[in-house]
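Here the structure is laid out as structure tokens; the discussion comes afterwards.
We count ligands from 1, going down the list as the structure has it; atoms in each ligand are counted the same way.
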Amino acid sequence: MDDALLAAARAARGFMPDDEGAALHRAGLEGAAVGPLLEVGSYCGKSAVYLGAAARKAGTVLVSVDHHRGSEENQSGWEHHDPEVVDPRTGRMDTLPFFRRTVEDAGLEGSVVAVVGESVTVAALWGAPLGLLFVDGGHADDVAMADYEAWARHVAPGGRLAIHDVFEDPADGGQAPFRVWQRAVADGFVPAATTGSLRVLRRPAS
Ligand code: SAH
Ligand code: MG
């Protein structure tokens with residue numbers, strides 16, 4: 001990634017250390033050779049810059065899906081709450097303006113398509129085979145598994161599945177993403193790389 005894109009990614013609010021972002025970008029490049037990229041969980045656009053940069057390099061796009069109302073763990077009183085992303089008019093979270101600004105500042109509007117909606121609702125309408133699916137939406141057990149079940153089927157042969165916040169040890173974090181990773185392995189995805197809490201798997205070419 002060039003310096004301007006890296007700076008934009010690092011400046012964005014969000015939940016992704018630099019090394020995991022670089023690994024996500026690499027997975028994005030691999031996936032983009034197969035098809036378009038899709039992430040569940042846009043938040044303020046940090047991961048969208050890492051993946052959007054990969055999509056642009058390969059001449060494809062990233063579709064970034066989020067209702068922009070925050071996960072349970074982003075709400076007021078929870079660990080990952082940022083009061084600055086609350087809409088003062090309603091008192092509800094709204095990360096869409098932040099996402100839009102991040103993508104604009106990164107110069108990636110031509111390569112990142114925002115879809116504002118409930119993940120499973122959007123997935124039910126989806127048809128295009130994906131070169132990479134990045135699962136980073138809600139981390140409650142039922143929500144994370146529902147995202148996997150709704151979207152994983154769309155990963156093309158040879159495509160990548162990336163899962164964020166995978167902690168094998170409950171002392172390090174919630175277990176839902178780890179259970180999704182275990183399920184993906186059971187379903188035939190092949191582990192390809194681990195960087196921090198980011199795990200990348202590959203769907204065999206057939
Ligand atoms: N990838 C982001 C972080 C995502 S945080 C980064 O790089 O910083 C998780 C996001 O998932 C939140 O923005 C939340 O609104 C979204 N989310 C949670 N459950 C969702 C659902 N069921 N449908 C759509 N978006 C959801
Ligand atoms: Mg995450």
Side-chain angles (χ1 to χ4, degrees), residues 1 5-6 8-25 27-28 37-55 62-76 78-82 84-87 90 92-103 105-106 108 112-126 132-151 161-167 172-178 180-181 194-200:
M1 266 169 87
L5 282 168
L6 258 187
R10 288 175 181 167
R13 267 165 226 272
F15 310 104
M16 180 147 299
D18 294 350
D19 60 333
E20 296 179 12
L24 185 64
H25 179 69
L37 316 180
L38 187 140
E39 70 173 358
V40 180
S42 321
Y43 196 58
C44 299
K46 192 187 253 313
S47 52
V49 175
Y50 289 113
L51 289 174
L62 166 71
V63 177
S64 185
V65 180
D66 200 310
H67 50 40
H68 288 282
R69 297 305 188 185
S71 307
E72 190 176 33
E73 56 274 15
N74 303 130
Q75 305 301 323
S76 171
W78 289 71
E79 187 188 349
H80 296 289
H81 181 62
D82 177 352
E84 286 180 32
V85 301
V86 173
D87 180 347
T90 59
R92 302 174 69 206
M93 280 183 64
D94 183 6
T95 49
L96 181 57
F98 296 86
F99 176 85
R100 202 160 162 74
R101 196 168 307 172
T102 298
V103 172
D105 289 351
L108 285 171
V112 176
V113 178
V115 174
V116 180
E118 172 68 35
S119 163
V120 167
T121 304
V122 178
L125 304 172
W126 196 259
L132 171 137
L133 168 66
F134 177 45
V135 180
D136 194 23
H139 289 12
D141 248 316
D142 50 338
V143 178
M145 199 58 84
D147 283 343
Y148 172 82
E149 285 177 354
W151 287 106
L161 168 66
I163 306 169
H164 199 219
D165 306 304
V166 176
F167 300 108
D172 296 330
Q175 295 294 283
F178 179 56
V180 168
W181 178 84
T194 297
T195 306
S197 75
L198 180 76
R199 295 205 183 182
V200 179

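The minimum distance between the Mg ion (ligand 2) and any N, O or S atom of His164 involves atom ND1. Of all N, O or S atoms in Asp165, the one lying closest to the Mg ion (ligand 2) is OD2. The Mg ion (ligand 2) sits nearest to atom OD1 when only the N, O or S atoms of Asp136 are considered.
Side-chain atoms of Gln175 come within 3.5 Å of backbone atoms of Phe167 as a donor-acceptor pair (strictly under, hydrogens ignored). Side chain of Glu39 to main chain of Leu132: no donor-acceptor pair is present (N/O by atom type, distance under 3.5 Å, no hydrogens or angles). Counting only distance, with no hydrogens or angles, the side chain of Gln75 and the backbone of Gly70 share a donor-acceptor pair below 3.5 Å.
Between Leu38 and Trp126 there is a side-chain heavy-atom pair separated by less than 4.5 Å. For the pair Leu161 and Trp151, the minimum side-chain heavy-atom distance is 4.5 Å or more. Contact annotation: the side chain of Tyr50 approaches that of Leu6 to within less than 4.5 Å [non-hydrogen atoms, C-beta and beyond]. Residues Asp165 and Phe15 have side chains not in contact (no heavy-atom distance under 4.5 Å, counting atoms from C-beta outward).
Looking at Ala144, Gly14, Gly41, it is Gly41 that brings a heavy atom closest to atom 2 (C) of ligand 1. Of all the listed residues (Met93, His67, His164), His67 holds the heavy atom that lies closest to atom 21 (C) of ligand 1.
Look at Gly117 and you'll find a heavy atom under 4.0 Å from some atom of ligand 1.
At a cut-off of 2.8 Å, His139 is not counted among the residues with an N, O or S atom near the Mg ion (ligand 2).
Here the protein heavy atom with the shortest distance to atom 19 (N) of ligand 1 is Gly138 N, 3.5 Å.
Each of the atoms 9 (C), 10 (C), 11 (O), 12 (C), 14 (C), 15 (O), 16 (C), 17 (N), 18 (C) of ligand 1 lies under 4.0 Å from some heavy atom of Ser71.
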